[in-house]
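Following: one structure in structure tokens, then a few remarks.
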Amino acid sequence: MTPGQLDTSVTGTPHIAAAPGDFAPLVLMPGDPRRARRIAETFLQDARQVTDVRGILGYTGSHRGVPMSVLASGMGIPSVTIYATELFRHYGVRRIVRVGTAGAIPASVSVRDVVVASAAHTDSSVSRVLVDGVTLSLAPSYKLLRAAADAAERELSGAEAVHIGPVFSSDHFYLDRPALFDALERRGTLAVEMEAAGLYAVACAEGGEALAVLTVSDHLRTGDALTAGERETDFDRTLRIAATALLTDA
């Protein structure tokens, strides 16, 4: 199908099989479909599956009595922009909070810490294609960011910290670029991941609200890292902060 086209002869969109009304206005968005399923099974109440196209799982239930959905985004900016655009544009979604993982850059951020992304730097073209001749500053909804910051203060009693600051959304996973990360660290960047900038760009373009709340799964400097199983399950604080932000004034 040509990018940008929508086949109205079938239910849903090219990438989401849900019917109109199947998604709540508030959406949690992990990258991993297994994480989406776990959120549906352990965090949402009375969740039902609404889509599984290409193995990208989506569910709708409720949290604290408010309708809430979860949909995986896949990996990388191109993937997250597809799913976020279709949610905002075709399903009436108002808010999306990414609940994902990130790699820490400075020594002040540790594995299992939470990073709330107050901005998203990127080497992707996504910040330059929305307005001709302009490089957009990609930032979250202030209302969601403020709510997440308030929720984070209530999470400070644990051993792991919560950090609020910019992240770097990379288009490349395996490139070895130590000088780049040194430069980003000097400019206050907390972590590297692959989706926040795309999500923020789509929210800007579609008139929605977005935020990224990330669990630090590995450290670029020390080599510390969570296992694959831990990445799937060790994100309870991230999830609580994200859901609290979604529910602000809902």
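Between the OH atom of Y83 and the OG1 atom of T13 there is a distance of 8.0 Å, given to the nearest 0.5 Å. Between L87 atom CG and I82 atom CD1 the span is 12.0 Å, to the nearest 0.5 Å. Here the CG atom belonging to L199 is positioned 5.5 Å from the CD1 atom belonging to I96, to the nearest 0.5 angstrom. Separation of atoms CZ (R187) and CZ (F168) is listed at 12.5 Å; rounding is to 0.5 Å. Between the NE2 atom of H15 and the CG atom of L71 there is a distance of 12.0 Å, given to the nearest 0.5 Å. Atom CD1 in I241 sits 8.5 Å away from atom CD1 in I164 (nearest 0.5 Å).
Looking at every heavy atom in both residues, A47 comes nearest to A40 through CB-O, 3.5 Å. Shown here for D218 and A225, the closest heavy-atom pair between the two residues is CB-CB, 3.8 Å. Between F88 and R94, the shortest heavy-atom contact is CE2-O, 3.6 Å. Here the closest non-hydrogen pair linking E86 and P14 is OE2-CD, 3.8 Å. In plain terms, the two heavy atoms of L44 and G61 that are nearest each other are CD1-N, 4.1 Å. Between P33 and I56, the shortest heavy-atom distance links the atoms CG-CD1, 4.1 Å.
Side-chain N or O atoms of S217 include none that pairs as donor or acceptor with a backbone N or O of L226 at under 3.5 Å. Within the 3.5 Å criterion, the main-chain N or O of A117 finds no donor-acceptor partner in the side chain of H163. With R64 contributing its side chain and A243 its backbone, the two residues share no donor-acceptor pair below 3.5 Å. With hydrogens and angles ignored, the 3.5 Å screen pairs no side-chain donor or acceptor of Q49 with any backbone N or O of Y59. Within the 3.5 Å criterion, the main-chain N or O of P166 finds no donor-acceptor partner in the side chain of T189. The backbone N or O of T60 sits nowhere less than 3.5 Å from a side-chain atom of S69 that would complete a donor-acceptor pair.
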### Task
Quick one: do R95 and T248 satisfy side-chain contact (heavy atoms from CB on, under 4.5 Å)? Show the steps, please.
CA-CA 10 Å; R95 291 175 172 171; T248 301; 4.1 Å; yes
### Message
Please determine whether side-chain contact (heavy atoms from CB on, under 4.5 Å) holds for the pair D22 and R48, giving the CA-CA distance in whole Å, both sets of side-chain angles, and the decisive distance to 0.1 Å.
### Response
CA-CA 9 Å; D22 275 349; R48 61 186 179 91; 3.1 Å; yes
### Task
Go through K143 and D249 one step at a time and tell me if the side-chain contact (heavy atoms from CB on, under 4.5 Å) criterion holds.
CA-CA 9 Å; K143 184 178 290 186; D249 298 332; 3.6 Å; yes
### Task
Could you give me the CA-CA distance, side-chain angles and deciding distance for T122 and S127, then say whether side-chain hydrogen bond (donor to acceptor under 3.5 Å, both in side chains) is met?
CA-CA 8 Å; T122 186; S127 63; over 6 Å; no
### Task
Decide yes or no on side-chain contact (heavy atoms from CB on, under 4.5 Å) for R35 and T101, but give the supporting numbers first.
CA-CA 11 Å; R35 196 174 300 144; T101 56; 4.0 Å; yes
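Placement of V109 and L180 in two distinct hydrophobic clusters is found when ILVMFWY residues are connected by side-chain heavy-atom separations under 4.5 Å, directly or transitively. In the hydrophobic clustering of ILVMFWY residues, with side-chain heavy atoms under 4.5 Å counting as a link, L138 and L145 come out together. Tracing side-chain contacts under 4.5 Å through hydrophobic residues (I, L, V, M, F, W, Y), one never reaches V126 starting from L184; they form parts of separate clusters. Residues I105 and V115 are members of separate hydrophobic clusters, defined by side-chain heavy-atom contacts under 4.5 angstrom among Ile, Leu, Val, Met, Phe, Trp and Tyr. In the hydrophobic cluster analysis, where Ile, Leu, Val, Met, Phe, Trp and Tyr join through side-chain heavy atoms closer than 4.5 angstrom, L28 is grouped together with L247.
Between F43 and H63, the ring planes are parallel. Angles under 30° get that label, and only those over 60° would be called perpendicular.
Looking at D182 and R221, a side-chain N of the basic residue comes within less than 4.0 Å of a carboxylate O on the acidic one, giving a salt bridge. Looking at D236 and R240, no side-chain N of the basic residue comes within less than 4.0 Å of a carboxylate O on the acidic one, giving no salt bridge.
Side-chain contact check for S170 and R177: at least one donor-acceptor pair (N or O, by modelled atom type) lies under 3.5 Å.
Residues I39 and P30 form a side-chain contact, since some pair of their non-hydrogen atoms from C-beta on lies under 4.5 Å apart. With contacts defined as side-chain heavy-atom distances shorter than 4.5 Å, the pair V70/R38 does not qualify. Within the 4.5 Å cutoff, no side-chain heavy atoms of Y200 are placed close to those of L136. In this structure, F23 and I16 have side chains that are in contact, with non-hydrogen atoms separated by less than 4.5 Å. Side-chain contact between V80 and R98 is absent, with no heavy atoms from C-beta onward closer than 4.5 Å.
Listed by chain and residue number, A120, V167, S169, E193, A212 satisfy the side-chain contact (heavy atoms from CB on, under 4.5 Å) test with A196 (two or more places apart in sequence, or in another chain).
Alongside M75, the hydrophobic cluster contains F173, Y174, M194 (criterion: ILVMFWY side chains under 4.5 Å).
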